[in-house]
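Take a look at the structure set out below.
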Amino acid sequence: MSQFWKPGSERPRLVDDGEGGVFFYSATPSSSRFGYASMEKQRQRLPVFKYRTAILYLVENHATTIIVGETGSGKTTQIPQYLKEAGWAEGGRMIACTQPRRLAVQSVASRVAEEMGVKLGEEVGYTIRFEDLTNPDLTRIKFLTDGMLLREMMDDPLLTKYSIIMVDEAHERSVSTDLLFGLLKKIQRRRPDLRLIISSATIEAKTLASFFDTSKKSHVGTDKESEPKKVPAMLSVEGRGFDVEIHYLEESVSDYLQTAVSTVLAIHDQEPAGDILVFLTGQDDIDAAVQLLTEENENHGRHASGLTIVPLYSGLPRAEQDLVFYPTPKGKRKIVISTNIAETSLTLEGVVYVVDSGFSKQRYYNPIADIENLIVAPISKASARQRAGRAGRVRSGKCYRLYTEEYYIKEMMSEGTPEMQRSNLVSCVIQLKALGIDNILGFDWPVLPSPEAIIRALEILYSLDIIDEDAKLTSPTGFQVAEIPMDPMISKMILSASSLGCTEEIITIAAVLSIQSIWVFGRGAQKELDEAKLRFAAAEGDHITYLNIYKGFLHSGKSAQWCHKNFINYQTMKKVIEIREQLKKVLQRMGVSLKSCDGDTNIVRKAVTAGFFAYACRLEAFGPSGLYKTVRSSEDVYIHPSSVLFRKVLMFSYILLSLFWA
DNA sequence: GGCTTTTGT
């Protein structure tokens with residue numbers, strides 16, 4: 001362990017905006033009090049209130065927007081309860097609380113229902129896709145995903161059902177959260193009664209506060225004393241996590257995988273009991289590390305005996321993911337080697353040591369080529385802190401960063417680029433249009449996407465006949481596309497299918513296209529997987545192959561065993577069924593009849609082309625590794641290795657999808 | 001020559 005040193009542990013800091021007032025609150029037992037100070041009085045002795053009093057004072061008298069800078073204190077679940085007790089959920093109005101993940105919505109909702117002693121689904125309920133556990137007559141506090149609240153805005157643009165909207169985990173800056181911010185700011189102008197509460201990791205709080213600051217210099221003096229201010233108030237809650245000792249490398253290394261493995265072995269050798277969580281970038285790295293450690297475990301029993309090594313990434317079948325939660329046998333030490341799924345989505349108990357490679361895979365959108373890529377990139381300081389924090393949940397822990405402190409201080413970005421700036425914007429633009437925001441460039445974006453990305457999105461929507469020359473939604477196509485909960489290209493494909501007479505087939509394809517992958521990536525079973533694929537492969541390509549798989553799945557009686565045998569992810573297939581059912585309902589509501597083309601693949605391919613013609617390519621050279629060029633911009637592309645057409649000699653001169661840029 | 005970080009309507 002001599003390659004590491006420890007300059008001391010990190011502690012969360014309080015936020016101080018210097019304008020709308022600063023609130024402090026500490027959740028540590030020794031000082032469970034907080035203070036408030038206006039700018040002038042900051043250095044004076046502060047009045048001290050209870051947390052509840054502070055929240056209510058802010059919401060009722062002080063500001064229309066409150067930003068809670070929070071470091072994993074768990075205090076945010078109390079806010080909706082305080083607000084309800086204070087009468088904010090009366091007169092037919094509700095309190096809405098968003099989370100970026102379905103699982104978080106469910107668990108937070110049930111925790112709050114339990115704390116309030118009410119039955120989940122009555123006074124406290126939640127709404128996520130495919131599941132609505134609310135009662136229109138009884139529900140006062142409603143938890144929902146950020147994307148769900150966006151959908152609700154399409155029917156009720158001013159969100160009149162709600163008196164207060166609370167957005168949690170705002171620092172993650174998901175596309176939906178950012179879109180919500182721009183829209184909520186707009187709503188506030190029309191609804192001065194609406195209160196926003198935004199909960200975020202402290203480092204992001206300042207940025208958000210300035211975005212929501214709608215006070216113009218000239219208007220400052222006109223605010224009446226009694227009216228809540230338009231300058232956001234900030235409340236800072238200190239976390240209850242245990243201290244984490246941070247260790248850095250003395251010199252940077254080139255091979256983080258090998259360094260991660262040797263660090264794990266060193267911890268196991270020298271440190272007391274406690275599980276180890278290792279953050280790597282993806283499945284390849286993780287499988288390689290698992291193998292290296294397993295070999296070490298078997299060959300050098302003296303150093304590495306007693307290790308239970310578990311990989312963790314989202315592509316893993318459910319049963320294998322669950323291994324992570326099994327209690328570690330006595331005398332053994334669990335090593336979890338994970339992607340950043342363990343950074344926010346899953347919480348592992350019992351972790352005391354974290355090894356942070358400093359890298360993760362990140363989506364990167366190239367608007368010129370209209371292609372989303374995944375690249376291994378350095379993480380931000382915020383991510384590094386989040387990773388380190390995972391070691392301090394049960395007791396004080398240690399985090400080993402596989403980079404130098406100088407690199408952390410001088411070169412690491414403080415925050416990552418918001419997802420909005422790394423994504424294709426077609427879905428965003430269509431949602432804004434559906435809400436009547438026609439001037440996309442004039443929208444108050446929390447982060448401005450590149451002009452190229454906006455232009456590309458408009459161009460694609462125009463080519464699909466979803467928007468017209470004035471960039472307004474077309475009728476009925478544009479409005480229908482906005483109503484279908486899918487990527488616009490997929491929605492257009494579905495609508496075309498209704499006139500071609502193959503909706504039954506196309507909604508199956510749409511469902512498969514809108515989830516990650518139906519295949520299981522068995523470790524070391526590449527051959528078997530390829531063979532399984534061949535059983536379903538259609539000469540026409542991947543879309544028709546999906547139809548074959550769906551048929552087979554139904555024929556098996558939706559059997560999990562059948563999926564296992566054919567290297568198909570059972571969980572994913574169940575999701576396909578759910579999405580397909582939802583699409584059916586949406587189409588029926590729109591008056592689109594469901595028709596089957598009875599296996600006429602030409603009709604199906606016409607519908608696919610109607611949605612995805614922008615990705616058309618021309619075959620340039622025949623052969624097992626044919627070179628294609630995109631029709632739109634003549635860029636070189638090859639067939640993606642995951643396609644059933646990979647390495648096949650093709651007789652068509654045109655092909656769609658499953659292509660990747662070399 | 002050989003792929004998929006992670007969410008979500």
Side-chain angles (χ1 to χ4, degrees), chain A residues 98-105 127-132 144-155 169 172-180 279-287 312-316 338-346 357 359-364 372-377 379 383 386 416 419-420 422-423 427-428 430-431 434 481-488 490-491 510-511 514-522 526-527 529-530 533 542 569 572 575 578-579 582-583 585-586 623-627 638-644 646-647 658-662:
Chain A
T98 77
Q99 289 279 342
R101 279 173 292 278
R102 294 161 52 89
L103 205 73
V105 168
T127 307
I128 54 182
R129 192 184 192 182
F130 310 129
E131 209 180 333
D132 183 7
L144 70 178
T145 45
D146 46 12
M148 202 71 210
L149 191 62
L150 276 178
R151 279 278 143 188
E152 286 194 1
M153 287 182 76
M154 290 197 183
D155 294 325
E169 309 288 357
E172 289 187 26
R173 305 303 298 266
S174 71
V175 172
S176 295
T177 297
D178 267 349
L179 216 45
L180 215 45
F279 284 103
L280 295 180
T281 58
Q283 187 191 342
D284 276 357
D285 278 2
I286 290 168
D287 289 345
L312 178 63
Y313 43 86
S314 88
L316 223 50
S338 173
T339 59
N340 45 12
I341 190 174
E343 201 178 297
T344 48
S345 306
L346 283 179
S357 66
F359 289 95
S360 72
K361 282 198 187 177
Q362 287 159 37
R363 180 190 299 144
Y364 170 80
E372 281 180 341
N373 281 316
L374 272 181
I375 53 169
V376 173
I379 60 170
S383 273
Q386 177 73 22
E419 197 188 7
M420 182 82 83
R422 298 182 282 114
S423 308
S427 291
C428 277
I430 197 88
Q431 291 201 65
V481 164
E483 204 180 327
I484 300 174
M486 295 265 144
D487 180 278
I490 298 180
S491 304
S514 63
I515 43 125
Q516 298 126 295
S517 169
I518 52 176
W519 301 108
V520 171
F521 303 105
Q526 191 59 50
K527 236 185 211 165
L529 173 58
D530 282 344
K533 267 188 194 170
D542 297 298
N569 190 325
T572 310
K575 223 188 262 174
E578 269 186 324
I579 295 173
Q582 190 195 21
L583 280 175
K585 274 187 214 152
V586 171
S625 56
L627 167 70
Y638 297 88
I639 295 194
H640 196 277
S642 68
S643 169
V644 294
F646 184 63
R647 274 185 171 166
S658 304
L659 295 161
F660 71 110
W661 266 246

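Just so we're on the same page: letters track the sequence lines, and every chain starts at 1. What you see is a predicted model, and the numbers here were worked out from it, not measured in a lab.
Side-chain atoms of A/Arg151 and base atoms of B/dT9 include a donor and an acceptor less than 3.5 Å apart. Taking 3.5 Å as the limit, the base of B/dT6 and the side chain of A/Ser345 contain no donor-acceptor pair of atoms between them.
Residues A/Asp146 and A/Ser174 have side chains that bring a donor and an acceptor to within less than 3.5 angstrom of each other. Side-chain contact, A/Thr177 with A/Glu172: no donor N or O sits under 3.5 Å from an acceptor N or O. If you check the side chains of A/Ser643 and A/Asp542, you find a donor sitting under 3.5 Å from an acceptor.
Atom CG in A/Leu103 sits about 13 Å away from atom C1' in B/dG8, given to the nearest Å. We find that CG of A/Leu374 is positioned 7 Å from P of B/dT5, with the value rounded to whole Å. Put simply, CD1 on A/Ile286 is 8 Å from P on B/dT6, counting in whole angstrom units. To the nearest angstrom, P of B/dT9 lies 16 Å from CG of A/Asp155. Regarding A/Glu372, its CD atom lies at a distance of 12 Å from the C1' atom of B/dT6, rounded to whole Å. When the P atom of B/dT5 is taken as reference, atom CG of A/Leu280 falls 11 Å away, rounded to whole Å. Here B/dT9 presents its C1' atom at 12 Å from CG of A/Asp487, a figure rounded to the nearest Å. In this structure, the CD1 atom of A/Ile379 is 15 Å from the P atom of B/dT6, given to the nearest Å.
Among the nucleotides B/dT4, B/dT7, B/dT9, the one closest to any side-chain atom of A/Ile341 is B/dT7. Side-chain atoms of A/Ile128 lie closest to B/dT9 of the nucleotides B/dT4, B/dT5, B/dT9. Of the candidate nucleotides B/dC3, B/dT6, B/dT9, B/dT6 has the atom lying nearest to any side-chain atom of A/Asn340.
Considering only heavy atoms from C-beta on, A/Val520 stays 4.5 Å or farther from A/Leu529 through its side chain. Residues A/Arg102 and A/Phe130 meet the side-chain proximity criterion, which asks for heavy atoms closer than 4.5 Å.
Along DNA chain B, the nucleotide nearest to A/Gln431 and the one nearest to A/Asp284 differ in position, and the one closer to the 5' end is contacted by A/Asp284.
Residue A/Arg422 places none of its side-chain N or O atoms closer than 4.0 Å to OP1 or OP2 of B/dT5. Between A/His640 and the phosphate of B/dT4, there is a side-chain N or O to OP1/OP2 separation shorter than 4.0 Å. Side-chain nitrogen and oxygen atoms of A/Thr145 include at least one within less than 4.0 Å of the OP1 or OP2 phosphate oxygen of B/dT9. Using a 4.0 Å cut-off, some side-chain N or O of A/Thr339 falls inside it from OP1 or OP2 of B/dT6. Here A/Ser314 reaches the OP1 or OP2 of B/dT6: one of its side-chain N or O atoms lies under 4.0 Å away.
A/Arg363 comes within contact range of at least one nucleobase, with a heavy-atom separation under 4.0 Å. Residue-level contact check: A/Asp285 touches neither bases nor backbone, having no heavy atom under 4.0 Å from any strand. No contact: A/Gln362 has no heavy atom under 4.0 Å from any strand. Looking at heavy-atom distances under 4.0 Å, A/Arg101 makes contact with sugar-phosphate atoms alone, never a base. Residue-level contact check: A/Ser514 touches the bases, meaning some heavy atom is under 4.0 Å from a base atom.
Closest of all the heavy-atom pairs between A/Met486 and A/Ser514 is CE-OG, 3.7 Å.
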